[in-house]
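Quick notes on the structure that follows.
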Amino acid sequence: LMLALGGFENSSGVVIWSLVAPLGAILFTGRGQALGWFLAFLGVVALGGVLEPFVLRSNNLTSGLRTVLFIMNISAPSALAVVLLLYFVRQKDAALGLLRIEQERSEGLLLNILPKQIAEILKRDQQTIAERYEEASILYADLVGFTPLSSEMKPEEMVGLLNEIFSYFDSLVDKYGLEKIRTIGDNYMVASGVPVRRPDHAHVLALMAMDICSYVNGLRPINERKIEFRLGINSGPLVAGVIGKNKFQYDVWGDTVNMASRMESQGIAGKIQAAPATYELLRHEFDFEPKGSIEVKGMGALETWFLIGPKHARAG
């Protein structure tokens with residue numbers, strides 16, 4: 001059409017409509033064919049330039065009509081290009097939005113597994129994470145009579161009960177800024193002073209332990225069986241870090257951890273048994289009741305105490 005009308009100028013640049021081919025290929029067939037169509041468009045324009053000297057210099061189009069055609073030939077393909085670009089920008093923004101949602105979801109899942117500070121390190125570097133803490137506290141809480149209770153309840157009822165109780169424990173962890181380490185069956189484990197060090201690690205963990213006891217005392221009995229927990233708490237040095245590559249876990253190790261576990265397993269239902277190290281840290285702030293000595297494997301007889309509550313509470 002351009003050649004028949006007398007070249008680039010006389011045809012009002014009608015050759016620009018050839019750009020519709022690569023644009024349509026982008027929209028309907030993908031980038032692979034679009035490149036070929038764009039090269040064909042450039043070839044048509046180049047061919048027009050080669051043949052320009054040999055075409056007729058006049059046609060029957062008036063000057064006004066050529067102006068109108070110039071406007072149409074420039075505006076319409078340009079509008080198509082802009083619409084197509086806007087479409088792809090919108091698609092790109094939508095894809096980036098979905099990507100951000102997935103990233104936030106992945107971040108949330110990662111933070112459900114690891115402390116925020118540890119997750120940030122793992123995202124930057126796949127290094128081994130292990131650190132020693134000279135002052136920290138560990139709390140174990142275990143449901144008393146779990147085996148007979150689970151035999152009397154339907155599986156979904158038992159899981160629902162544990163989920164209800166442990167979800168409340170999780171809220172206490174958030175309230176006091178502690179770190180939930182794990183749950184194993186009916187056992188709940190919390191650390192204070194890791195991975196963020198804090199001088200009041202034993203104090204806040206004791207407050208959480210008392211909140212647990214208050215909450216559990218308010219639970220309704222199941223099949224006339226009272227819901228009770230044994231709690232054990234200990235303080236001292238420990239090592240914390242991440243283990244595993246698949247289903248990795250933030251965990252803590254050391255004698256301090258083992259002693260806290262003994263405090264729970266050899267404790268009494270409804271009581272918070274404290275090891276000597278925790279007693280020494282808290283005895284000026286909290287009231288304790290002596291329990292006497294217990295035999296601890298590898299350590300012999302140790303004096304332990306039951307945590308009663310803050311001294312100011314009793315004074316009031």
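Side-chain atoms are counted along with the backbone in the values below, which use heavy atoms only and exclude waters and symmetry mates.
Of the inter-residue distances, the one linking L98 atom CG with D93 atom CG reads 11.0 Å to the nearest 0.5 angstrom. For the atom pair CD (E135) and CG (L238), the distance works out to 11.0 Å, reported to the nearest 0.5 Å. Atom CD1 of residue I212 and atom CG of residue L207 lie 11.5 Å apart, to the nearest 0.5 angstrom. Put simply, CG on L85 and CG on L23 are 10.0 Å apart, with the number rounded to the nearest 0.5 Å. With rounding to the nearest 0.5 angstrom, the CG atom of L96 is 11.5 Å from the CD atom of Q91. One distance of note links OG of S167 with CG of L172; it measures 11.0 Å at 0.5 Å rounding.
Pairing each heavy atom of A269 with each of R230, the nearest pair is N-CG, 3.7 Å. Between Y250 and V242, the shortest heavy-atom contact is CD1-CG2, 4.0 Å. Heavy atoms only, all atoms of each residue included: A191 and L178 are closest at O-CB, 3.7 Å. Between W253 and G241 the shortest heavy-atom distance is CZ3-N, 3.4 Å. Closest approach of M263 to G232, counting heavy atoms only: CB-CA, 3.6 Å. Closest non-hydrogen pair, V204 versus H201, comes out as CG2-O, 3.5 Å.
Judged by distance alone, the side chain of R198 and the main-chain N or O of G177 form a donor-acceptor pair under 3.5 Å. Looking at E280, its side chain never comes within 3.5 Å of a backbone N or O of A277 through a donor-acceptor pair. The main-chain N or O of L69 is found under 3.5 Å from a side-chain atom of N73 such that the two form a donor-acceptor pair. A donor-acceptor contact shorter than 3.5 Å is absent between the side chain of D287 and the backbone of I308. S192 contributes no side-chain N or O that, together with a main-chain N or O of L205, makes up a donor-acceptor pair within less than 3.5 Å. S18 places a side-chain N or O within 3.5 Å of a backbone atom of V15 that can act as its donor or acceptor partner. A distance-only check finds no donor-acceptor pair linking the side chain of S75 to the backbone of M72 [under 3.5 Å]. Not a single donor-acceptor pair under 3.5 Å links the side chain of S214 to the backbone N or O of M210. Within the 3.5 Å criterion, the main-chain N or O of P195 finds a donor-acceptor partner in the side chain of Y133. A distance-only check finds a donor-acceptor pair linking the side chain of N217 to the backbone of C213 [under 3.5 Å].
Aromatic ring orientation, Y215 versus Y168: parallel (interplanar angle below 30°, classes split at 30° and 60°).
The side-chain heavy atoms of V190 and M208, taken from C-beta on, include a pair separated by under 4.5 Å. Between R182 and D251 the shortest side-chain heavy-atom distance falls below 4.5 Å. V252 has its side chain within reach of M189: a pair of non-hydrogen atoms, C-beta onward, lies under 4.5 Å apart. Side-chain contact between D142 and L231: absent, with no pair of heavy atoms (C-beta onward) separated by less than 4.5 Å. Taking the side chain as every heavy atom from C-beta outward, V216 and L143 never approach each other to under 4.5 Å. The shortest distance between side-chain heavy atoms of L161 and M158 falls below 4.5 Å. K226 places none of its side-chain heavy atoms less than 4.5 Å from the side chain of V144. Residues F286 and I272 form no side-chain contact, since every pair of their non-hydrogen atoms from C-beta on lies 4.5 Å or further apart.
In this model, a donor atom of one side chain and an acceptor atom of the other lie less than 3.5 Å apart for T278 and S235. Under the 3.5 Å distance criterion, with hydrogens and angles disregarded, no donor-acceptor pair is assigned to the side chains of N234 and Y140. Side-chain contact check for D170 and Y188: at least one donor-acceptor pair (N or O, by modelled atom type) lies under 3.5 Å.
Counting non-hydrogen atoms of other residues, nucleotides and ligands closer than 6.0 Å to CZ of F38 gives a total of 12 or fewer. Crowding of W37 atom CH2: a count of heavy atoms from other residues, nucleotides or ligands under 6.0 Å not exceeding 12. Heavy-atom contacts from other residues, nucleotides or ligands closer than 6.0 Å to OH of Y87 number 12 or fewer.
Under the 4.0 Å criterion applied to side-chain N and carboxylate O atoms, R225 and E152 are assigned as salt-bridge partners. A salt bridge is absent between K271 and E228; no separation between the charged side-chain nitrogens and carboxylate oxygens falls under 4.0 Å. Between K291 and E289 no salt bridge is recorded (no basic side-chain N to carboxylate O distance below 4.0 Å).
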>> Set out, in order, the CA-CA distance, both residues' side-chain angles and the distance that settles side-chain contact (heavy atoms from CB on, under 4.5 Å) for I294 and E303, then state yes or no.
In response: CA-CA 7 Å; I294 62 172; E303 293 291 326; over 6 Å; no

> Between I138 and I233, is a side-chain contact (heavy atoms from CB on, under 4.5 Å) present by the stated rule, with each step listed?
Replying inline: CA-CA 6 Å; I138 300 293; I233 187 171; over 6 Å; no

> Yes or no on ring pair (Phe, Tyr, Trp, His ring centres under 6.0 Å) for F229 and F169, after CA distance, side-chain angles and deciding distance?
Replying inline: CA-CA 12 Å; F229 272 78; F169 290 4; 5.5 Å; yes

>> Between F306 and F288, is the ring pair (Phe, Tyr, Trp, His ring centres under 6.0 Å) condition met? List the steps.
In response: CA-CA 5 Å; F306 289 131; F288 287 86; 10.0 Å; no

>> salt bridge (charged side-chain N to carboxylate O under 4.0 Å, His left out) for R197 and E131? Distances and angles first, verdict last.
In response: CA-CA 11 Å; R197 292 174 170 82; E131 190 168 1; 3.1 Å; yes

> Can you list the steps and then say if L139 with E264 is a side-chain contact (heavy atoms from CB on, under 4.5 Å)?
Replying inline: CA-CA 8 Å; L139 169 72; E264 176 273 310; over 6 Å; no

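Residue L42 is grouped with residue L80 when hydrophobic side chains (ILVMFWY) are merged at heavy-atom distances under 4.5 angstrom, including chains of intermediate members. In terms of hydrophobic clustering, with Ile, Leu, Val, Met, Phe, Trp and Tyr side chains grouped at heavy-atom distances under 4.5 Å, I74 and V68 are assigned to different clusters. Following chains of ILVMFWY side-chain contacts shorter than 4.5 Å, one can reach M153 starting from F146, so the two form part of one hydrophobic cluster. V14 and I71 are not part of a single hydrophobic cluster, where members link through side-chain heavy atoms under 4.5 Å apart. When hydrophobic clusters are built by joining Ile, Leu, Val, Met, Phe, Trp and Tyr residues whose side-chain heavy atoms come closer than 4.5 Å, directly or via intermediates, V159 is not grouped with F166.
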